Amino acid sequence: MTLLDHHQVLTTDHITRLFFHAPRTARHRLAELLALELVDRFRFARTGGGTDPYHWVLGHAGQRFQAASRGEPEPSARAASQRISRLSANPRLHHLLIVNEFFVRLGEHARRHDGADLVRWWSEQQATQFKSSKAAINPDGHGLWSRGGQMAGFWLEADTGTEPLTRVVGKLDGYRRFNTDSGPRYPVLFWLASSTREEHLHRLLRAEPGGVTTVTATQDTNPAEAVWLPADGSGRVTLEQLPSFHGHNTPSNPNYVEGVLHLGQ
């Protein structure tokens, strides 16, 4: 439930790949949680017939439980229902699912490969914990990925294919200013809708000043593999090969808890 609380919506396929070995077992367990109102679901009709997979969200009981765990007022049944309706109608739902798919692929890879671990999966909202006096950044997600004794942090920028690439590149100004403060310096991952957009984005990145590591990959790849192309390189690398500095011990850096470096959820 905490995962749904943080990341809002996951499909049946997402949940199966993250937690189960058989789709039938996943469907059975989700049906049990649905009966308890811990989760709820919605899906859309497809043009030409058929329906999309179920999209799972917190149900009324699940929302009440998560609110109580944070010491917040528990929502009424009406408020819980309205939250679900707003999410199903949210124009950014497709983008949110792309972001969650990225992390699901990393989590699934870690389940199947010893020595790999998705140590941290933070949503856009959770990433606001990182603050800077010089710039505000608003990544689509933040993660820590570990493999073979190497750990790398990253900021994720997920592409839907609809935004002008000049606007995509413009986001680097904030990261560049953020990197001059005492917080972490992580690479920015551009996860792109097509190889054509990746090629065009690299033309723009080559004209950008330094100050932030940028890499790209397309959404038809496994982000846990050597698919990341640095803006200043010609060979693709894995996430753990990217430079990663977790920042200094300051109150505004959530990587430190009571003065001790803490790299986890």
Side-chain angles (χ1 to χ4, degrees), residues 1-10 14 18 58 62-63 65-73 92 95-107 109-110 116-158 171-191 211-215 223-224 228 238-265:
M1 287 193 298
T2 300
L3 198 67
L4 280 177
D5 188 35
H6 288 162
H7 305 294
Q8 302 185 65
V9 57
L10 295 167
H14 287 159
L18 283 172
L58 285 180
Q63 291 183 42
F65 179 86
Q66 291 301 127
S69 70
R70 294 190 294 268
E72 299 174 354
R92 286 176 53 84
H95 179 258
L96 176 60
L97 289 169
I98 291 175
V99 172
N100 288 350
E101 171 66 21
F102 171 88
F103 285 98
V104 168
R105 289 188 193 180
L106 289 180
H109 187 95
D117 188 17
L118 179 57
V119 179
R120 179 186 290 169
W121 169 8
W122 281 8
S123 66
E124 177 181 352
Q125 181 60 37
Q126 289 174 288
T128 61
Q129 296 177 60
F130 289 99
K131 304 180 187 302
S132 167
S133 61
K134 298 179 180 179
I137 59 171
N138 189 38
D140 295 325
H142 157 64
L144 294 173
W145 173 254
S146 174
R147 179 162 47 192
Q150 294 179 280
M151 182 181 290
F154 58 83
W155 312 116
L156 175 66
E157 293 287 347
K171 298 175 183 179
L172 292 176
D173 290 337
Y175 288 106
R176 200 171 286 115
R177 293 193 300 273
F178 182 87
N179 281 356
T180 64
D181 214 334
S182 58
R185 290 194 289 275
Y186 293 142
V188 177
L189 277 51
F190 289 111
W191 206 41
V212 57
T213 299
T214 57
V215 295
W228 296 100
T238 59
L239 289 177
E240 67 271 16
Q241 292 176 296
L242 298 173
S244 184
F245 174 63
H246 302 297
H248 298 284
N249 180 13
T250 64
S252 63
N253 187 352
N255 284 334
Y256 287 84
V257 179
E258 297 181 352
V260 178
L261 184 63
H262 175 75
L263 300 178
Q265 293 289 347

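Computed from a predicted structure; not experimentally measured.
- Atom-to-atom distance recorded for S146:OG and L239:CG is 11.0 Å, nearest 0.5 angstrom.
- Rounding to the nearest 0.5 Å places CD of E101 at 9.5 Å from CD1 of I98.
- With rounding to the nearest 0.5 Å, the separation of NE2 in H6 from CD in E124 is 14.5 Å.
- With sequence neighbours left out, the side chain to side chain donor-acceptor pair (under 3.5 Å) criterion links R120 to H142, N255.
- Every residue two or more places apart in sequence or in another chain that forms a side-chain contact (heavy atoms from CB on, under 4.5 Å) with Q8 is listed here: L87, L96.
- Contact of the W121 side chain with the L3 side chain is registered, since non-hydrogen atoms from C-beta on lie closer than 4.5 Å.
- Taking every heavy atom of both residues into account, G174 and A135 meet most closely at O-CB, 3.5 Å.
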Tell me which donor-acceptor pairs under 3.5 Å the side chains of residues 258-265 have, and how far apart each pair is, sequence neighbours excluded?
unit_1, atom_1, unit_2, atom_2, d
Q265, NE2, V119, O, 3.0

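- For H95, the ring-ring contact (aromatic ring centres under 6.0 Å, His included) criterion is met by no residue, not counting sequence neighbours.
- Side-chain N or O atoms of Q150 include none that pairs as donor or acceptor with a backbone N or O of R147 at under 3.5 Å.
- The shortest distance between side-chain heavy atoms of W145 and L118 falls below 4.5 Å.
- Heavy-atom minimum distance, T213 versus P243: OG1-CG, 3.7 Å.
- Nearest approach of F178 to P184, heavy atoms of both residues: CE2-O, 3.4 Å.
- Counting only distance, with no hydrogens or angles, the side chain of Q129 and the backbone of Q126 share a donor-acceptor pair below 3.5 Å.
- Residues forming a side-chain contact (heavy atoms from CB on, under 4.5 Å) with T180 (at least two apart in sequence, or on another chain): K134.
- For the ring-ring contact (aromatic ring centres under 6.0 Å, His included) test with F130, the passing option among Y256, W155, Y175 is W155; the others fail.
- Here the straight-line distance linking atom NZ of K131 with atom CD1 of I137 works out to 11.0 Å at 0.5 Å rounding.
- At least one side-chain heavy atom of H246 sits under 4.5 Å from a side-chain heavy atom of Y186.
- Closest approach of A67 and P73 over heavy atoms only: CB-O, 3.6 Å.
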Take L18 and F103 through the test side chain to side chain contact (heavy atoms under 4.5 Å, CB included) and record every step on the way to the result. CA-CA 10 Å; L18 283 172; F103 285 98; over 6 Å; no

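- Annotation: ring-ring contact (aromatic ring centres under 6.0 Å, His included) contacts of F245 (sequence neighbours excluded): H248.
- Between atom NE2 of residue H7 and atom CG of residue L97 there is a gap of 13.0 Å, rounded to the nearest 0.5 Å.
- The closest side-chain donor-acceptor pair between D181 and S133 falls under 3.5 angstrom.
- Between E240 and T238, the side chains place a donor N or O and an acceptor N or O closer than 3.5 Å (distance only, hydrogens not considered).
- Looking at heavy atoms from C-beta onward, F154 lies out of side-chain contact with P223 at the 4.5 angstrom threshold.
- Put simply, CZ on F102 and CG on L156 are 5.0 Å apart, with the number rounded to the nearest 0.5 Å.
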Could you walk me through whether K171 and V188 pass the side chain to side chain contact (heavy atoms under 4.5 Å, CB included) test, one step at a time? CA-CA 10 Å; K171 298 175 183 179; V188 177; over 6 Å; no

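- Without hydrogens or angle criteria, D140 side chain to A158 main chain gives a donor-acceptor distance under 3.5 Å.
- Side-chain N or O atoms of N100 include none that pairs as donor or acceptor with a backbone N or O of L10 at under 3.5 Å.
- A donor-acceptor pair under 3.5 Å links the side-chain atoms of S244 to the main chain of G153, judged by distance alone.
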